[in-house]
Amino acid sequence: MSIFNSAKKIIPGLLLCILIAQLGVFLGKFVPSIGGAPLAIFLGLIAGNTFAKSTIFAPGSKFSESDLLSYSIVLLGGTLSINTILQLGFSGIAFILLQMALTIALTMFIGKKLGFSKHFRALMASGNAVCGSSAIGASSPVINAEDNDKGISITIVNLTGTLLMFALIPIANYLYNFETLQTSALLGGILQSVGQVIAAGSMVNHNVLEMATIFKIVRIVFLVIVVLWLSREFNNKELEMDTEFALEEEAYSKKKSKISVPWYIIGFFILCILFSFGLIPGEVSKTFKLISSKFEIVALAGIGMRVNISELIKQGPKASLYGLLVGLSQIIIAIILIKIFI
């Protein structure tokens, strides 16, 4: 019965996302230079901030943004071989690690200069360096962050990523003429969420979409390291000061044990391995690709619907400036590192 009720709640928002996605694809045929993906996001953004602000659409748009996107990523694994992933090479991995490390360092530094708390800065750092809301959600309990800090950081990180999603396209065109590896590194190395990477990649071409997603997935794999570092950075100091050391240490250990790689990343690699060994037939792989693209466009509509413009205004100029400065820093870091490694 609970499953039926959950499905019932999802249907209104999901149907609206499907409708918006199809409208975006249809309109994209008339403006191929823009394409259906960005139009689906834009139409979703308009809908979510006007006539579709009702909470009745929230469960469905959330399902589209998160669940459908996760399924899309898993299915994408069934269309890529290990050889494609290995194209990143040592230089690609080095680029990702340095991009993440420098993003964390600069985010902490900028936030300190602007007067934000260490906990809030840590959430902003993990969200921008790794995978947006998911990274913030994973980092929040291990640093004992307040709900208010969590909510504001998620809002700022997501809105920063949405702005960068559109801003990086002309930058990639100007600097790299949409060369696949460099453009993919720029998009996959900077953008905050998987959905934003897929959306931006789809604005360029399918090769960039695939490779940018791989860059992003490698970043997500390193989420475990980032969260473990944050938990050690914050909790070790708290443990030293706490008289109930043993109880706190036990709680700390439990927190560490909960840290894990998202399920869809594991699913992606499983299907990727199966495809690489020829265990997924070509026709099945084509079907995966078709379904993945359909899920993807609906997910993008959901992403647009869940961008709350009024929330950005509520955060005020200081928090918005923080997000803007971090985003600009990420771009500068990425351009320099791509010049060196890619």
Side-chain angles (χ1 to χ4, degrees), residues 2-26 28 35-48 52 54-80 131-135 137 154 158 161-162 165 187-188 191-203 206 209-210 212-214 216-217 220 261-272 284-308:
S2 60
I3 296 176
F4 175 77
N5 288 334
S6 298
K8 193 175 178 181
K9 290 179 181 179
I10 288 170
I11 287 172
L14 176 60
L15 288 177
L16 182 57
C17 287
I18 292 172
L19 180 62
I20 291 171
Q22 291 306 308
L23 182 59
V25 172
F26 174 74
L39 287 173
I41 297 171
F42 183 67
L43 291 171
L45 190 148
I46 293 174
S54 171
T55 54
I56 193 174
F57 298 112
S61 63
K62 177 64 177 175
F63 175 82
S64 300
E65 177 201 37
S66 58
D67 293 63
L68 280 186
L69 187 63
S70 298
Y71 303 147
S72 174
I73 293 167
V74 172
L75 292 172
L76 181 64
T79 69
L80 298 172
C131 52
S133 303
S134 299
I154 286 174
N158 284 339
T162 301
M165 182 173 67
L187 303 181
L191 289 171
Q192 282 73 357
S193 75
V194 178
Q196 290 159 0
V197 172
I198 290 175
S202 65
M203 293 183 210
H206 189 73
L209 187 156
E210 289 184 342
T213 302
I214 292 170
K216 181 63 179 178
I217 284 173
I220 296 173
V261 176
W263 70 269
Y264 57 85
I265 301 300
I266 297 171
F268 171 89
F269 280 112
I270 289 173
L271 287 190
C272 181
V284 175
S285 179
K286 287 180 182 178
T287 303
F288 282 173
K289 192 171 188 176
L290 177 64
I291 297 174
S292 177
S293 64
K294 297 294 183 185
F295 282 175
E296 172 196 312
I297 196 76
V298 176
L300 296 180
I303 289 169
M305 280 191 65
R306 296 186 67 80
V307 174
N308 194 328

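All values below were derived from every heavy atom in this structure, side-chain atoms included, with hydrogens, water molecules and symmetry-related copies excluded. We number each residue from 1, following the sequence as shown.
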note = CG of L16 to CG of L23, rounded to nearest 0.5 Å, is 10.5 Å
key: Least distance between heavy atoms, A200 atom then L191 atom   = CB-CD1, 3.6 Å
task = Supply the atom-to-atom distance F63 CZ to L14 CG, rounded to the nearest 0.5 angstrom.
result = 6.0 Å
ask   = Can you name the nearest heavy-atom pair linking G78 to L271, along with the distance?
value = N-CB, 3.6 Å
remark   = ring-ring contact (aromatic ring centres under 6.0 Å, His included) filter on F269, not counting sequence neighbours, yields none
ask   = Between I56 and P12, what is the shortest heavy-atom contact and its length?
value = O-CB, 3.9 Å
message = Would you compute the distance between atom CZ of F295 and atom CG of L75 and round it to the nearest 0.5 angstrom?
response = 6.5 Å
Full working for side-chain contact (heavy atoms from CB on, under 4.5 Å) between F26 and L39 = CA-CA 10 Å; F26 174 74; L39 287 173; over 6 Å; no
key: Side chain proximity check, L76 to E210, heavy atoms < 4.5 angstrom   = yes
request  = Report the distance from atom CG of L68 to atom CD1 of I18, rounding to the nearest 0.5 Å.
outcome  = 7.5 Å
Selection residues 66-75 - residue pairs positive for side chain to side chain donor-acceptor pair (under 3.5 Å), sequence neighbours left out = S72-S292
key: Spacing of S293 atom OG and I198 atom CD1 [to the nearest 0.5 Å]   = 11.0 Å
ask   = Is there a donor-acceptor contact under 3.5 Å from the side chain of S61 to the main chain of G302?
value = no
query = Between atom CG of L69 and atom CD1 of I73, what is the distance when rounded to the nearest 0.5 Å?
reply = 4.5 Å
message = Which residues pass the salt bridge (charged side-chain N to carboxylate O under 4.0 Å, His left out) test with K62, not counting sequence neighbours?
response = E65
ask   = Are any side-chain N or O atoms of S193 and backbone N or O atoms of Q196, one a donor and one an acceptor, separated by less than 3.5 Å?
value = yes
Taking every non-hydrogen atom, the tightest pair across L187 and A212 = CB-CB, 4.2 Å
message = Quick check: closest heavy atoms across K216 and V194, and the distance to 0.1 Å?
response = CE-N, 3.9 Å
task = List the steps and the verdict of side-chain contact (heavy atoms from CB on, under 4.5 Å) for I41 and M165.
result = CA-CA 11 Å; I41 297 171; M165 182 173 67; 3.6 Å; yes
ask   = Which atom pair, heavy atoms only, marks the closest approach of C131 to I220?
value = CB-CG1, 3.8 Å
